[in-house]
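A quick write-up on the structure given underneath.
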Amino acid sequence: MVAGADISPREAEVLELVGAHLSNAEIGARLYISVRTVESHVSSLLRKLEVPDRRALAQRAPEPAGAGPSHPAPVLPASLTSFIGRESERAELTEMIKAHRQVTAVGPGGVGKTRLASAVAAQAAGEYSDGVWFVDLVPVTDPGMIAAAVAGALGLGEQPGRDMTASVVAALADRHALLVLDNCEHVVDGATLLLERLLVTCPRVTVLATSRARLMVPFERVYQVPPLSLTVDGESDAVALFMERAAAVGWPLDPPLRDQIAAICERLDGMALAIELAAARYPTLGLDGITAALSHPLRMLTGGSRADERHRSVRAALDWSHTLLEPADQALLRRASVFVAPFTAAAVAEVAGSEEGLVADGLARLAEQSLLVVAASPGGTQYRALETIRQYGTERLAEAGELIDARSRHLRWCLTRAAGLKAVRVDWRARFDAVADDLRAALAWAADRPEQRTDAYDLARHLAELTFTRHLTGESQRRYEQAAALTADPAAGASMLRQAAAVAGCRTIGDDMYRLRRAAADAARSSGDSAGAAADLATAATIAFRFSTTFVRLPSREETLALITEARELAGDDPAAQAAVALAEAAVLTDAFGAAQGPPGNAVPETIARAERAVELTHRTGDPLAESAALDALTGAQSWAGDTFATAATARRRITLLSSLPISPAGTHELIDALGMVTEAALGAGDVPGARRWARQLADHPSLAEVGHRATCRLLMVDALAGNIDEVLTGSVRFLDAWRRAGSPARSLLRPAAAAVAMIHGLRADHDAQREWQEVLNQLGTPLEHTYGYGAVFDAILLLHRGQAPEALERMTPEPRQVWKWVTWIWHHWYVALRTEAAVLAGSPDARDRLAEARTTVAGNPVADAMVERAQALLDNDQERLLATVAAFDTAGCRYQSARTLVLAGGDHAARGAAALADLGLA
């Protein structure tokens with residue numbers, strides 16, 4: 001619990017996870033609450049703990065277990081952060097954000113834009129039901145990373161299939177919130193692009209931006225931030241600020257000195273930063289000394305507009321404050337300016353080439369002079385220069401001829417930090433987030449300098465790997481592509497492009513997978529690697545069919561056939577290339593993956609033969625990822641053939657192959673796909689415990705944290721069939737919340753889960769919830785596989801539960817062999833067994849014949865076997881045989897079917913069954 005704050009136990013849990021740098025979706029999944037509930041807790045914590053943003057909130061969280069000891073923070077002056085005056089400005093700006101959706105507070109550096117915007121936002125917090133969110137854009141050196149900065153402030157992760165901008169816009173689409181974008185001037189282009197989309201798509205979001213110049217976007221209203229008042233009704237905000245800052249460093253001023261202070265503030269044009277710098281010098285210079293020191297530089301400020309003079313007032317105050325520093329502290333200030341994010345004494349010591357103890361003393365002196373802001377953190381004391389001061393330090397670096405050397409040292413420091421982050425431990429996210437902005441800034445500088453190209457390539461590659469681990473997959477893909485562009489070695493470029501393609505796969509962006517594999521082929525060919533180019537071309541063809549549902553523009557069959565032809569010509573006798581071509585042939589020629597553009601009538605024997613050949617060839621290469629892709633093709637072919645148990649065995653073989661591989665983009669993409677397939681294949685074969693184990697692993701996979709509907713869809717289906725009602729109800733909250741946040745996509749993958757949840761609410765007799773989920777199902781669509789596959793299965797279970805056997809039989813009228821293509825995959829055995837039971841309970845005259853046929857069809861499936869055995873016992877009125885199936889269902893992991901068997905047995909057994917159903921939460 002945080003001392004001094006009224007934090008609830010749930011808020012304490014959320015705070016701890018914010019401290020671990022989890023996104024809202026990850027926190028929601030961990031605590032089994034909706035993302036919206038997490039957002040409310042975070043907004044409440046920001047208010048209660050009086051911190052401006054999520055980064056500051058994370059600093060207030062308890063140290064994670066296993067993170068190791070933190071460094072003690074040295075005793076330093078308190079941060080001078082109290083807000084003084086500006087009553088009229090606050091009132092004016094508050095009224096503007098009430099009346100207009102986008103307001104830009106404009107003014108020169110040092111006038112106090114950030115402090116004013118923060119004060120207004122804090123004051124207005126209660127007016128926005130979904131909170132006030134502060135985004136510091138100072139560390140953002142790439143306009144393309146603005147959305148990522150906003151996402152970080154909001155606690156958003158990137159949703160696969162969407163870039164970060166789309167994720168931000170989707171998250172805010174129905175929110176009533178105030179978004180503060182601070183320091184936009186250096187990334188205006190990126191800010192305007194984001195704002196235009198945000199303001200059009202999110203009608204209840206208000207944006208308050210600060211910038212040195214207006215942003216020139218639709219909806220914008222500009223508020224010119226004035227200097228601090230010099231005299232208003234006998235009071236002066238400027239004088240009050242000076243006196244407050246002087247008192248904060250232990251030198252309170254007597255009221256009779258106000259006139260002399262007012263004169264100083266007037267010389268400084270009421271500029272807040274300049275006044276703070278002057279007040280910091282009061283203990284050593286006194287008012288007379290400050291007046292004398294300021295007189296000379298300020299006399300030189302002639303000509304130009306008043307705004308320009310104010311800007312030069314800050315520059316003059318900085319010059320003066322800088323001149324009063326010892327040479328060593330001057331050097332320290334300018335060298336520390338290369339850091340865009342908060343930094344430690346150890347970091348500056350390494351970049352400056354100095355002893356850490358001396359650097360710590362120097363940084364403390366700079367903080368005493370208000371040239372740095374200092375704050376304690378779990379990792380020790382951190383420092384930060386206000387952006388105006390950081391820019392001043394950078395100018396001084398250039399004037400001293402040290403800029404390139406300092407930035408080169410900073411680049412090497414970043415490379416060392418990046419390499420040190422290879423080992424992932426408990427506090428890894430916090431350590432990465434602490435240096436990420438500096439890594440990006442160093443890369444942005446180095447990428448434009450030919451002599452730094454090698455280091456830039458290394459840093460881009462490191463950053464690609466690190467951002468993938470951090471689940472910033474959009475940035476990871478971009479960094480891999482950047483690394484490919486930076487290297488002079490086409491073979492290395494081909495490798496980077498293949499990695500980028502794998503990341504695109506994790507993002508479910510098929511067009512990029514395809515484009516990048518083709519680009520990798522071009523790079524490989526340039527390096528003289530014909531076999532590598534052949535494998536890339538063949539893989540591109542496979543991708544077009546294997547992941548056809550992830551494409552916007554789907555390559556035609558003719559286009560992919562041309563790729564295969566070219567790949568054959570280049571492959572030669574290289575085993576890996578030949579294996580890739582064989583897999584492409586299985587995908588394109590015989591449509592092993594059931595692609596949208598595949599031939600309508602694939603021949604099962606030929607499909608299996610081609611898939612088996614691909615498996616054999618990839619196995620010989622010793623590449624488990626290639627073999628996994630080939631096993632995926634074989635799984636598809638076997639499922640279309642109706643070989644349920646072979647399908648499950650191949651899917652398990654694939655999981656075994658992947659389970660011990662290290663984390664990588666390609667490995668992650670394969671594993672997520674394989675977990676989905678093995679879950680469904682196991683369920684089809686009646687291995688409910690296995691299906692649930694793999695579905696749970698999939699639901700908990702960190703790469704799916706932001707798409708809870710995709711993460712949980714298989715688990716919901718398995719739990720519904722198993723009778724794990726509480727788990728279905730809990731998981732359905734995450735599914736529905738994430739699905740709606742994602743824009744309610746009509747993905748076929750999600751339909752069985754929605755049907756399963758609707759069935760569970762039907763079993764519970766919760767008709768309102770059932771109607772809600774039926775509407776979800778309607779939005780997802782009801783194709784043939786719903787009518788004759790999962791839809792028939794879930795409907796039949798519900799109808800049989802209600803004692804409506806004739807209706808259940810009518811729902812499953814078609815013979816299994818008539819609809820095999822729609823029920824073969826998971827549902828064939830379930831369909832056959834349930835249809836047989838419905839025939840027995842409905843008194844169908846051919847029930848005994850159906851039983852005999854069903855027993856042969858489902859033999860070896862423990863759940864379906866038990867269902868058919870139960871139906872036989874009911875037909876034969878064999879009570880002992882009927883009760884024996886109770887244990888069979890329990891062993892198979894189907895608690896619902898076990899309880900229902902007792903109900904069907906009647907008498908005392910029925911009472912036990914009703915009690916068991918009640919324990920499950922069913923009517």
Side-chain angles (χ1 to χ4, degrees), residues 52 83 86 89-90 92-93 96-97 100 102-121 134-146 149-150 179-196 207-228 238 241 268-277 301 303-319 321 337 340-341 370-371 373 384-398 437 441 444:
F83 188 78
R86 288 203 186 272
E89 292 95 324
R90 277 190 280 181
E92 291 173 22
L93 193 51
M96 285 189 74
I97 62 173
H100 305 289
Q102 204 272 297
V103 178
T104 305
V106 172
V111 76
K113 301 184 294 296
T114 297
R115 298 303 308 279
L116 176 61
S118 299
V120 167
F134 184 90
V135 186
D136 181 9
L137 296 181
V138 166
V140 179
T141 55
D142 179 352
M145 292 298 297
I146 290 180
V150 175
L179 186 64
V180 181
L181 298 182
D182 190 38
N183 289 289
C184 295
E185 57 273 351
H186 63 298
V187 283
V188 169
D189 291 342
T192 56
L193 289 173
L194 175 65
L195 284 175
E196 286 175 7
V207 177
L208 173 57
T210 74
S211 178
R212 296 187 183 183
R214 64 178 301 175
L215 303 181
M216 306 296 289
V217 293
F219 307 102
E220 183 181 33
R221 294 294 184 275
V222 174
Y223 178 76
Q224 191 73 44
V225 179
L228 291 168
L241 177 64
L268 295 170
D269 286 317
M271 297 295 284
L273 177 57
I275 291 169
E276 292 201 14
L277 292 172
L301 297 174
S305 69
R306 187 64 177 161
D308 288 339
E309 289 179 14
R310 290 170 188 154
H311 178 73
R312 282 185 275 178
S313 297
V314 173
R315 175 63 190 232
L318 283 167
D319 283 340
S321 188
S337 69
V340 298
S370 292
L371 290 165
V373 177
R384 178 176 60 86
L386 297 178
E387 180 61 6
T388 301
I389 295 175
R390 195 180 73 81
Q391 291 175 1
Y392 178 84
T394 303
E395 292 172 11
R396 285 290 182 173
L397 268 178
D437 289 325

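Keep in mind it's a predicted model, so treat the numbers as computed, not measured.
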Task: Non-neighbouring partners of D136 that pass side chain to side chain donor-acceptor pair (under 3.5 Å), sequence neighbours left out - done: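 By the side chain to side chain donor-acceptor pair (under 3.5 Å) rule, D136 matches no residue at all.
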Open item on the list: side-chain contact (heavy atoms from CB on, under 4.5 Å), that's the test. Do L208 and L93 meet it? Break it down for me.
Closed with: CA-CA 9 Å; L208 173 57; L93 193 51; 4.1 Å; yes
Between [X] (side chain only) and [Y] (backbone N and O only), is there a donor and an acceptor less than 3.5 Å apart?
X	Y	result
S321	L318	no
R390	S337	yes
K113	T104	no

[X] versus [Y], closest heavy-atom pair with distance:
X	Y	value
R86	L116	CD-CD1, 4.0 Å
A238	I275	CB-CD1, 3.7 Å
L268	A317	CD2-CB, 4.2 Å
P139	D437	CB-OD2, 3.3 Å
I146	A191	CD1-N, 3.1 Å
A444	T141	CB-OG1, 4.1 Å

Is the shortest heavy-atom distance from the side chain of [X] to the side chain of [Y] under 4.5 Å?
X	Y	value
P108	R212	no
Q102	L179	no
H100	F219	no

Rounded to the nearest 0.5 Å, how far apart are [atom1] of [X] and [atom2] of [Y]?
X	Y	atom1	atom2	answer
L215	T210	CG	OG1	9.0 Å
S211	M216	OG	CE	12.0 Å
Y392	L397	OH	CG	11.5 Å
R214	T192	CZ	OG1	12.5 Å
L386	E276	CG	CD	7.5 Å
Q391	E185	CD	CD	7.0 Å

- [ ] Mind running side-chain contact (heavy atoms from CB on, under 4.5 Å) on L277 and L371 for me, showing each step along the way?
- [x] CA-CA 7 Å; L277 292 172; L371 290 165; 3.6 Å; yes
Task: Residue among V138, T114, V340, L137 satisfying side chain to side chain contact (heavy atoms under 4.5 Å, CB included) with E387 - done: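 Answer after filtering V138, T114, V340, L137: V138.
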Task: Single hit among V140, V150, D182, V207 for side chain to side chain contact (heavy atoms under 4.5 Å, CB included) with V135 - done: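 Of V140, V150, D182, V207, side chain to side chain contact (heavy atoms under 4.5 Å, CB included) with V135 is met by V150 alone.
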Task: Qualifying residues under salt bridge (Lys or Arg N to Asp or Glu O under 4.0 Å), relative to E395, sequence neighbours excluded - done: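 Listed in chain order: R315.
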